[in-house]
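If you're wondering where the values come from, they're calculated on a predicted model, not measured in any experiment.
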Amino acid sequence: MVPAWLWLLCLFVPQAFPGAQPAELYVEVPENYGGNFPLYLTKLALPREEAGGQIVLSGNSGMAAAGPFAVDQESGFLMVTMALDREEQAEYQLQVTLETEDGRVLWGPQPVLVHVKDENDQVSGHQATATIDVSIVENTWVPLDPIHLAENCQVPYPHHIAQVHWSGGNVRYHLESQPPGPFEVDTEGKLYVTRELDREAQAEYLLQVWAQNTRGEDYADPLELHVVVIDENDNAPVCPPRGPPVNIPELSPPGTMVARLSVEDVDAPGSPNSHVVYRLLSPEPEEGAERSAFKLDSTSGSVTLGAAPLQAGQNILLQVLAIDLGGTEGGLSSTCEIAVTITDINDHAPEFTASQIAPISIPEDTEPGTLVTTLMATDADLEPTFRLMDFAIEEGNIEGTFGLDWEPDSGHVQLRLLKNLSYEAAPSHKLVVVVRSLAELVGPGPGPGATATVTVLVERVLPPLKLDQENYEVSVPVSAPAGSLLLTIQPAADPMSSPLRFSLVNDSEGWLDIKEASGEVHTARPLQGAQPGDMYTVLVAAQVADEPTLSTSATLMIHFLKAPSAPTPTLAPLAPVPTRHLCTPRQDHGVVVSGLREDPDLAGGHGPYSFALGPNPTVQRDWRLRALNGSHAYLTLGLHWVEPREHVVPVVVSHDAQMWQILVRVIVCRCNVEGQCMRKVGRMKGMPTKLSAVGILVGTLIAIGIFLILIFTHLTLARKKDLDQPADSVPLKAAV
């Protein structure tokens, strides 16, 4: 009987084109096989990518059914489950298909022809008779059943796995492995594996063992031993390398595909060890949030966008956990990472930071090219190309008087004057400037912030007002009567057509008066208190009657002269010098402070005088001092209200490295509508007060009483004397 191991395993594996029907597979099986069952015949070339289907084995019409044949659903091996008899049936026509549960064919059909090899088990028709002495020795050189060895088996090595035996003597055993593997055989025919096996490195081995004599000659055909390495879950899923970020445009709808994870588990395909499921680790949805930014299909590994919005510029690292064993306990896992960048789209229209610009006043004689104002616009997009802007004047620039100047990437636009202005033609201009994005806008159009309104007011330009002199000086005797004409203030040689209005700003003594229309300066009252050699400085203000803003001023300095001598000079007593006064609440009046020294030795030198208030904080708070010219300063109230009383204001004067202090006496009082000080009425000279009148009356009455008492006493004493004298001593009255 021919050994059955000659007919084992795969004889032919077809390599078909995708979509073509596989070629017929031919397999031989020895009849009356006496080994163990099931007997593995060959491994079918099932497609790995269709491992999810079900293997269906059937027989063709006219032939026997699948009957003694079966297919291992896990390994894909075609098996025979019992001994076959060639005389009963010599061939079996089978076909193998891979089908879904609903009967749809995924692969196949694969035709398989199984031929039963004849054994000499029948008596022939011609016989001869002979006597032969035969010693019957048990045949121990029999095929071995396939061996299933677990990978990574933790046992001492070498590890005994099987044994062969040749019944004759003087035998040596020789072993070969296809492909080469860690196997060996000893002199007793024991087969060993010498180290741990790795199914992922090699899933199956075919061992051939020869029984040989000492000359290396084979006693028989080699025995074949099929070694199948049993898979263990010793390999975690392998994540693909982390690639460049996946760019997702902002505002992408939910369900947009982000990425599909394709991990590899090198454990046995189709087994639970390589069944991988996925779970999203991060970013996790915020606590209490109903919507998430990403969704993950746990079976396919597809990541899609969720309903939660994402902002442009976000860099998100997705962490996905891949677990084999279908995610059950004990499965191995790996964490895969997917970088996602939310890219910007041009969904924001540029807007001005201010939609209304405060009115801007410019003189009508402004030169073309002058910058009027600068507007600023912003764009919330992140991409620089989406932030490029274009500006235009949409309204109010019919004549092209104004123009815009900008850089597309700056966000600043300059409004410039291009033509001359005319107050008479247009006293104001209302311009509407619009900003647009250079790139095509996605989403809603520009909002109200895309325009800015600029109001330009044209100021009328008048020639400057000038008087015929910058400073005026006049000399007047201290005896000049009220109403004396001192001088006339006049405009320059080219007076304007509009009349002027004149006024005195700081006539603290009230000595002067100026005609508002003509500019004639007169003495308002006698110059009481003025001394020859003194100077009195006032400020003359002039303004155009129709244009109050057009004004000028000049200093009027009055030199007091000695009064001319008279034929019969009489010296009148000097009147007290009036004290300078200012009004509270504050009015447009002040006191002129002179820095000139009376001592001619100290009054020399060159250069201007500088003035400053004394260091007293109250003085600094209540008063203000500013220079009028190089030798005089102007003292005014610093507060709107200052207590009405007499104030002594210290003023520090510096000149030619010298410094001295002068005390300016100022009476602050309430004033009437004409700016005249309203002072308390004091006791008039020569008029008695009530108390003095009562005293005088009482004193007069007492004096009269005393005088009457003296008279009555004198009369009483005289009468008593007359009574004491004799009668002849009384003188006779003279006759008339």
Side-chain angles (χ1 to χ4, degrees), residues 9-10 13-16 18-22 25 27 38 40-58 66 69-79 81 94-110 112 146-153 179 197-206 226-240 260-279 297-302 320-334 336:
L9 303 177
C10 176
V13 178
Q15 300 295 329
Q21 182 174 349
L25 185 64
V27 181
Y40 289 84
L41 301 180
T42 185
K43 185 174 182 178
L44 300 173
L46 296 173
R48 296 184 61 179
E49 62 274 9
E50 305 291 350
Q54 180 180 3
I55 301 175
V56 178
L57 178 65
S58 61
F69 298 96
V71 177
D72 189 337
Q73 293 288 336
E74 293 186 359
S75 64
F77 270 94
L78 177 65
M79 305 176 294
T81 59
L94 307 176
Q95 69 176 10
V96 182
T97 57
L98 187 64
E99 302 179 1
T100 61
E101 294 182 357
D102 56 359
R104 183 168 59 88
V105 176
L106 301 176
W107 175 83
Q110 166 71 63
V112 180
I147 299 175
H148 293 75
L149 297 178
E151 65 173 332
N152 305 319
C153 185
L197 300 178
D198 185 359
R199 192 207 68 83
E200 287 69 40
Q202 184 62 39
E204 298 177 358
Y205 295 91
L206 180 61
H226 191 73
V227 178
V228 178
V229 183
I230 302 174
D231 184 42
E232 287 188 356
N233 190 26
D234 59 340
N235 291 279
V238 178
C239 296
R260 181 189 295 273
L261 273 178
S262 179
V263 302
E264 182 180 357
D265 194 317
V266 296
D267 288 323
S271 68
N273 295 339
S274 61
H275 181 200
V276 179
V277 295
Y278 303 91
R279 187 171 67 207
D297 189 318
S298 61
T299 303
S300 65
S302 298
V320 178
L321 187 66
I323 315 172
D324 59 15
L325 289 182
T328 59
E329 184 178 358
L332 302 178
S333 64
S334 297
C336 307

Between Thr100 and Leu106, is there a side-chain heavy-atom distance shorter than 4.5 Å? yes

Could you check if a side-chain atom of Val263 sits within less than 4.5 angstrom of a side-chain atom of Pro240, using non-hydrogen atoms only? yes

How would you list, by chain and number, every residue that makes a salt bridge (Lys or Arg N to Asp or Glu O under 4.0 Å) with Glu151, sequence neighbours excluded? none

For a side chain to side chain contact (heavy atoms under 4.5 Å, CB included) check, start with the C-alpha distance between Val96 and Val112, then their side-chain angles and the critical distance, and finish with the verdict. CA-CA 8 Å; Val96 182; Val112 180; 4.3 Å; yes

OG (Ser298) and CG (Leu321) are apart, to the nearest 0.5 Å, by 12.0 Å

Give the intermediate values and the outcome of side chain to side chain contact (heavy atoms under 4.5 Å, CB included) for residues Asp72 and Met79. CA-CA 7 Å; Asp72 189 337; Met79 305 176 294; 4.2 Å; yes

In terms of heavy-atom contacts, His148 and Ile230 come closest through CB-CD1, 3.4 Å

Closest non-hydrogen atoms of Ala70 and Thr81, given as atom of the first, atom of the second and distance, are CB-CG2, 4.3 Å

Contact between Gln110 and Leu25 at the side-chain level, heavy atoms closer than 4.5 Å - yes or no? yes

From Asp231 atom CG to Ser271 atom OG, the distance as rounded to the nearest 0.5 Å: 5.0 Å

Would a 4.5 Å heavy-atom cut-off, applied to side chains only, mark Val71 and Leu78 as touching? yes

Can you give me the closest heavy-atom contact between Gly270 and Ser274, atom names plus distance? N-OG, 3.5 Å

How long is the gap from CZ on Phe77 to OG1 on Thr42, to the nearest 0.5 Å? 7.0 Å

Return the set of residues passing ring pair (Phe, Tyr, Trp, His ring centres under 6.0 Å) with Tyr205 (not counting sequence neighbours), or none when no residue passes. Phe183

Using the rule given for side chain to side chain contact (heavy atoms under 4.5 Å, CB included), can you reason through Asp324 versus Asn235, listing the C-alpha separation, both sets of side-chain angles and the distance that settles it, and then say yes or no? CA-CA 9 Å; Asp324 59 15; Asn235 291 279; over 6 Å; no

Is Leu197 close to Asn152 at the side-chain level, that is, under 4.5 Å between some pair of heavy atoms? no

How close do Ile323 and Ser333 get, counting heavy atoms only, and between which atoms? CG1-CB, 3.9 Å

Going from CD on Gln95 to CG on Leu57, what distance comes out if it is rounded to the nearest 0.5 angstrom? 9.0 Å

For Asn273 and Asp265, what are the C-alpha separation, side-chain angles and deciding distance, and is it a side chain to side chain contact (heavy atoms under 4.5 Å, CB included)? CA-CA 8 Å; Asn273 295 339; Asp265 194 317; 5.6 Å; no

Any side-chain heavy-atom pair from Glu204 and His226 closer than 4.5 angstrom? yes

For Leu332 versus Asp234, what's the shortest heavy-atom pair and its separation? CD1-C, 3.9 Å

What are the two closest non-hydrogen atoms of Val276 and Ala322, and how far apart are they? CG1-CB, 3.9 Å

